[in-house]
Amino acid sequence: MSQHQRQPNLDTVTTINEDGSRYVIHPSDVKGKFTIMRRLTAWVLVAVYIITPWIKIGDHPIVFFDVQKLQFHLFGLTLFAGDMWMMMFLIIGGAFTLFVLSAVVGRVWCGWYCPYTVFLEHVYRRVERWIDGDSVKRRKLDKAPWKGAKIMKRVLKWGFYLIISLILANVFLSYFISIPELWSHMKSGPLDHIKEFIFIVAFTAVFTFMFGWFREQFCIILCPYGRFQSALTDDDTITVTYDYKRGEPRGKKTKKQLVDKMVGDCIDCRRCVSVCPTGIDIRNGIQLECVACSSCIDACNNIMTKIGKPKGLIRYDSNNGIETGKKKVLRPRLYLYAFFIVLGASVLTLSVFNKFRPFQVDVARVPGTSYVSNQDGVRNLFTLEVSNKRHEPLTFKFDGEGPAEIQFSKVGDMIIQPLETKKCTVRVYTSRDGYDGAKDISFVVTGEDGSAIVKEARFTGPNVYQYQQQFENNNNDKPEKNSQ
């Protein structure tokens with residue numbers, strides 16, 4: 001496998017050699033204001049990822065997916081399984097927000113905030129640079145024979161990868177079973193909690209593989225965002241851009257050329273290529289592999305400072321900005337995206353106020369029979385399930401609504417503890433003389449604050465004529481069960 005630094009082009013992907021084998025990219029380190037800002041941003045995001053499961057509002061972490069109870073705790077708000085419809089609005093809203101961000105500043109999400117980039121560039125690659133050295137030493141080490149020094153460094157590096165991946169996998173699991181429960185499981189041994197153990201092993205392996213070997217290939221091959229960014233950006237999108245008007249023609253400069261100002265500022269040092277984490281040449285224009293990480297900006301600015309030229313040969317700008325010197329941020333597509341965001345937010349707000357209640361009610365027919373009929377009448381059995389979404393005990397009252405001939409068994413006040421669910425069986429019945437076919441009925445559960453949830457159901461029974469004839473002609477008192 002060739003390990004020399006390849007010349008990127010627009011016809012092939014840099015990470016794949018001509019024979020189809022993997023070309024390993026070893027980006028050089030770079031210093032500059034954008035690199036410092038990205039690193040600080042990454043440290044904050046990693047800290048948020050690790051600390052979030054420890055921060056509580058009430059009795060639960062601020063972000064907690066309780067898979068056992070099918071509850072989602074988000075900044076003090078508890079969502080049950082029946083509230084997951086609200087997640088659709090959040091996901092769609094997040095998508096349109098990303099569309100707006102992409103239309104304005106391109107793939108800045110990928111280079112600055114994407115969790116994959118954050119862990120890869122600011123955790124795993126920092127470990128690699130610490131153990132294997134700079135890009136030149138890493139390429140040299142790749143070509144070196146498998147002997148003592150190389151084996152030791154490989155074992156040390158992949159050992160650190162496994163430890164970091166294990167920590168990240170455990171933190172990820174804590175979003176689903178909470179820190180105290182995770183700690184309890186860790187102390188009791190893997191075989192006592194085999195599902196959690198398999199989860200940890202699987203995600204440790206996935207993280208190690210993705211961040212240790214697959215790396216930038218995920219952004220280039222698997223991530224769909226780069227595929228449709230061309231539909232989200234235009235010539236006014238501000239992203240990492242090479243000023244070809246100022247930089248061309250590129251190449252090493254003679255003193256006479258510099259004095260006569262007959263050449264561009266780009267000296268073709270390829271420093272922008274050597275620091276690129278996906279191996280592209282930004283001077284070829286905007287490309288699918290570019291994640292707008294700004295490493296090439298810092299690298300080029302450092303070179304411009306050394307040769308006495310103004311910074312900004314590579315900078316955050318738009319194609320129209322390079323061409324005309326004017327930037328146009330507000331444009332029709334942004335108004336369209338903003339309209340859909342406001343529309344979605346409005347619908348979500350109205351839905352929350354109209355449909356979201358501090359409790360949830362589910363009504364289901366008792367399994368095994370649709371109705372029971374005998375000479376006394378017809379009855380249906382229903383299971384009433386009430387879930388308290390609040391973090392304090394609540395008292396609920398039950399009532400049934402339907403035709404006058406249909407009666408409901410009495411259910412006393414239900415006191416339900418915080419975030420718990422109670423079930424009770426409700427008998428709905430009518431006398432033989434009062435039965436004249438199936439009827440629509442309703443179950444009404446009212447909370448302490450006066451809010452009520454109404455659940456509709458169907459009172460069913462046998463064929464009216466056959467039911468009446470059965471007891472009038474045969475005078476048969478034996479109960480009969482039917483299932484529909």
Side-chain angles (χ1 to χ4, degrees), residues 4-15 23 25-38 104-108 110-112 134-136 216 220 226 229-230 233-329:
H4 65 277
Q5 199 170 358
R6 292 187 58 189
Q7 175 65 46
N9 57 72
L10 295 177
D11 298 324
T12 59
V13 177
T14 307
T15 57
Y23 172 76
I25 293 177
H26 292 291
S28 301
D29 211 352
V30 62
K31 297 180 180 179
K33 68 174 184 178
F34 287 110
T35 300
I36 294 175
M37 292 167 60
R38 286 180 62 228
V104 177
V105 290
R107 292 184 67 179
V108 69
C110 295
W112 288 67
D134 59 24
S135 59
V136 176
E216 71 284 336
I220 298 173
Q229 68 164 331
S230 59
T233 60
D234 54 28
D235 289 337
D236 289 306
T237 298
I238 298 174
T239 187
V240 177
T241 309
Y242 167 67
D243 189 348
Y244 61 90
K245 297 181 69 175
R246 173 184 156 188
E248 302 297 324
R250 70 184 73 160
K252 294 182 179 181
K253 321 301 181 188
T254 64
K255 291 185 178 180
K256 184 177 185 306
Q257 288 175 322
L258 292 173
V259 171
D260 297 340
K261 298 181 180 180
M262 297 175 59
V263 294
D265 286 352
C266 179
I267 62 174
D268 200 22
C269 64
R270 291 175 51 84
R271 178 64 175 157
C272 58
V273 178
S274 66
V275 301
C276 180
T278 57
I280 69 166
D281 189 341
I282 192 62
R283 297 172 298 176
N284 292 334
I286 303 300
Q287 298 156 64
L288 177 148
E289 300 97 315
C290 179
V291 294
C293 68
S294 73
S295 293
C296 55
I297 297 179
D298 282 335
C300 186
N301 284 343
N302 293 337
I303 298 298
M304 291 296 104
T305 300
K306 290 180 179 180
I307 66 174
K309 292 291 183 178
K311 297 180 180 179
L313 179 60
I314 301 176
R315 60 182 183 269
Y316 279 109
D317 206 336
S318 63
N319 287 335
N320 284 339
I322 297 293
E323 188 68 31
T324 65
K326 297 180 180 180
K327 298 178 182 178
K328 184 180 179 182
V329 177

Looking only at non-hydrogen atoms, find the nearest pair between Ile303 and Cys269 and report the distance. CG1-SG, 3.9 Å
Taking C-beta and beyond as the side chain, do Cys266 and Tyr242 meet within less than 4.5 Å on heavy atoms? yes
Please find the pair of heavy atoms, one from Val240 and one from Ile282, that lie closest to each other, and give the distance. O-CD1, 3.7 Å
Do side-chain atoms of Asp298 reach the backbone of Thr35 as a donor and acceptor pair under 3.5 angstrom? yes
Hey, is the main chain of Thr12 close enough, under 3.5 Å, to the side chain of Asn9 for a donor-acceptor pair? yes
For the residue pair Asp317 and Thr241, confirm or rule out a side-chain donor-acceptor distance under 3.5 Å. no
Got a donor-acceptor contact below 3.5 angstrom from the Asp234 side chain to the Thr237 backbone? yes
Does Ser294 use its side chain to pair, donor to acceptor, with the backbone of Ile297 at less than 3.5 Å? no
Pair Asp236 + Lys327, salt bridge at N-O below 4.0 Å: no
For the residue pair Cys296 and Ile314, what are the closest heavy atoms and their distance? SG-CG2, 3.9 Å
So, for Pro277 and Glu216, which heavy atoms are closest and what is the spacing to 0.1 Å? O-CB, 3.6 Å
Got Asp268 and Arg283 here, is their nearest side-chain heavy-atom distance under 4.5 Å? yes
To the closest 0.5 Å, what do you measure between CG (Asn319) and CD (Glu323)? 9.0 Å
Considering all heavy atoms of both residues, which atom of Arg270 and which atom of Pro8 are nearest to each other, and what is their separation? NH1-CD, 4.1 Å
Can a donor-acceptor pair be found, under 3.5 Å and without considering hydrogens, that links the side chain of Arg246 to the backbone of Asp265? no
Contact summary for Asp235 and Ser318, nearest pair of heavy atoms: O-CB, 3.3 Å
Give every donor-acceptor pair under 3.5 Å between a side-chain atom in residues 284-292 and any protein atom, sequence neighbours left out.
residue : atom : partner : partner atom : Å
Gln287  : NE2  : Asp281  : O            : 2.8
Gln287  : NE2  : Gly285  : O            : 2.8

Does any N or O in the side chain of Thr239 come within less than 3.5 Å of the main-chain N or O of Gly106, such that one atom is a donor and the other an acceptor? no
